[in-house]
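Here the structure is a predicted model, which is why all the values come from computation and not from measurement. Residue numbers begin at 1 in each chain, while the letters A, B, ... track the order of the sequences.
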Amino acid sequence: MVDGKAGRGMPRSKEILNLAISIGEVMLESGGEIYRVQETVSRVLESYGIEDYHVFVITNGIFATVHEQREDAGSMVRYVPIGEVDLQRVAAVNQLSREISAGECTVEEAYGRLRQCKEGARPSKWVLILSGGIGCAGFGYLMGGRPYDSFFSFFLGMLLEVFLLVTAHYKASKFIVNILGSALVTAGSLALYAAGTGVLFDRVIIGGIMPLLPGVSMTMAIRDLFGGDYLSGSIRLIDALLTGMCIAIGVGAAIKVFQMLGGGVLPL
Amino acid sequence: MIAEIVMCMLATVAFAVLFHVPATEYFFCAVNGGVGWVTYSFWLSHGAGLTSASIWAALALTLAARILSAVRKMPSTVFLITGIFSLVPGAGLYYTSYFLIMGDLARFMEKGTETLKIAGAIVLGMIFGLVLPQSWFNHLGKAVERIRR
């Protein structure tokens with residue numbers, strides 16, 4: 001992993017390659033586009049005087065070689081599982097690579113800066129839970145809910161965010177998280193409906209499943225396909241489609257169970 | 001209308017927090033979300049269908065994100081990812097699933113196709129927005145910087 005000490009005893013070219021790939025890795029796992037990662041790695045290598053290099057990036061891996069024809073040849077492969085979107089890191093690492101290419105940063109300094117980028121402040125759990133609630137309430141309102149329905153979306157959104165944080169902690173499978181998450185929202189909304197609160201349960205559900213929707217995968221798929229990275233774009237596209245299907249399964253299953261429990265036919 | 005825009009901006013900021021956007025960019029993410037929603041509801045109220053309204057909204061959103069990215073010196077992803085959520089067809093996905101469970105296959109097909117069409121429309125709109133060369137946006141960013149000094 002990224003560590004300034006890892007550079008000791010390595011040829012200089014390898015040290016630079018390690019830095020460049022580590023910067024690319026942080027960017028890729030936090031939600032950077034393929035072309036941006038590729039460009040960043042190349043830019044860092046060039047800024048430190050490496051001319052003969054090859055970089056290949058896909059959604060979950062980086063491959064690169066430097067100075068293939070020379071004594072100090074180096075090559076590296078990094079497996080980068082799709083991680084949690086963290087746009088602050090993408091922005092910070094992007095800034096770092098700009099400074100490197102402006103020649104304002106030595107290799108050793110860059111390692112230090114990269115470590116800072118990785119440890120940068122994150123919003124606390126409470127802030128995340130609260131914004132999950134606000135997001136669901138807001139989108140529930142946009143999708144035709146009344147303020148009264150948004151009020152309930154708010155609490156379901158917070159509940160969903162707690163669920164997402166817990167499952168992220170146990171590294172649960174994405175499929176299970178999406179199915180159970182959307183089932184949780186649907187069940188909560190139907191329970192409110194059955195309790196006689198008079199909510200428009202469909203609007204509450206639509207607002208509630210918002211954080212699960214594959215907006216990120218879809219955006220990334222388009223950007224990657226547009227950049228000519230067809231393989232990476234397809235990976236993202238499949239991810240988006242499967243996520244959508246999982247949400248549909250979760251919602252459908254919860255409605256079915258509700259009906260079997262005697263909830264009757266739901267009005268539209 | 002005003003209430004909708006405010007709610008859209010608020011919800012966009014909430015999602016920006018979820019995606020760990022730097023706090024200095026919250027306001028601009030909100031503006032981008034607002035641009036998308038205003039365009040979307042403008043075309044809807046002028047008789048456009050869901051699909052064509054989504055194309056226009058995605059186009060406006062992408063252009064706004066690229067302008068903001070040049071002015072704010074941030075990757076455009078920051079604004080694009082947070083802004084796109086007001087357009088993602090969550091309602092369509094819900095009704096598709098609902099009609100499937102209810103056994104109403106005709107309406108299931110109708111809603112399912114509509115959802116896919118909206119998703120395709122967002123793709124198209126974004127692609128149109130990405131076609132413009134980056135150098136134009138870079139010039140714009142530099143011009144704004146000159147004015148600020």
(message) So, taking the atom named CD1 in I81(B) and the one named CE in M218(A), what distance separates them when rounded to the nearest 0.5 Å?
(response) 12.0 Å
(message) Rounded at 0.5 Å granularity, tell me how far CG in L225(A) sits from CG in L130(B).
(response) 11.0 Å
(request) With F19(B) as reference, evaluate V216(A), V90(A), D86(A) under the side chain to side chain contact (heavy atoms under 4.5 Å, CB included) test and give the passing residue. (result) V216(A)
Measure [X] against the heavy atoms of chain A and call it side chain, backbone, both or neither at under 4.5 Å.
X: I84(B); answer: side chain
X: V6(B); answer: neither
X: S76(B); answer: both
X: T96(B); answer: neither

(request) Kindly say whether G32(A) contributes a backbone atom to a donor-acceptor pair with the side chain of T77(B) at under 3.5 angstrom? (result) no
At a heavy-atom distance under 4.5 Å, which candidate from [options] has the highest pair count against chain A?
options: T62(B), L93(B), I122(B), V21(B); answer: L93(B)
options: E25(B), E4(B), M9(B); answer: E4(B)
options: L10(B), T12(B), V123(B), T115(B); answer: V123(B)

(message) Taking every non-hydrogen pair under 4.5 Å, which of A240(A), P211(A), A253(A) racks up the most with chain B?
(response) P211(A)
(request) For F15(B) and G135(A), work out which heavy atoms get closest and say how close. (result) CE1-CA, 3.7 Å
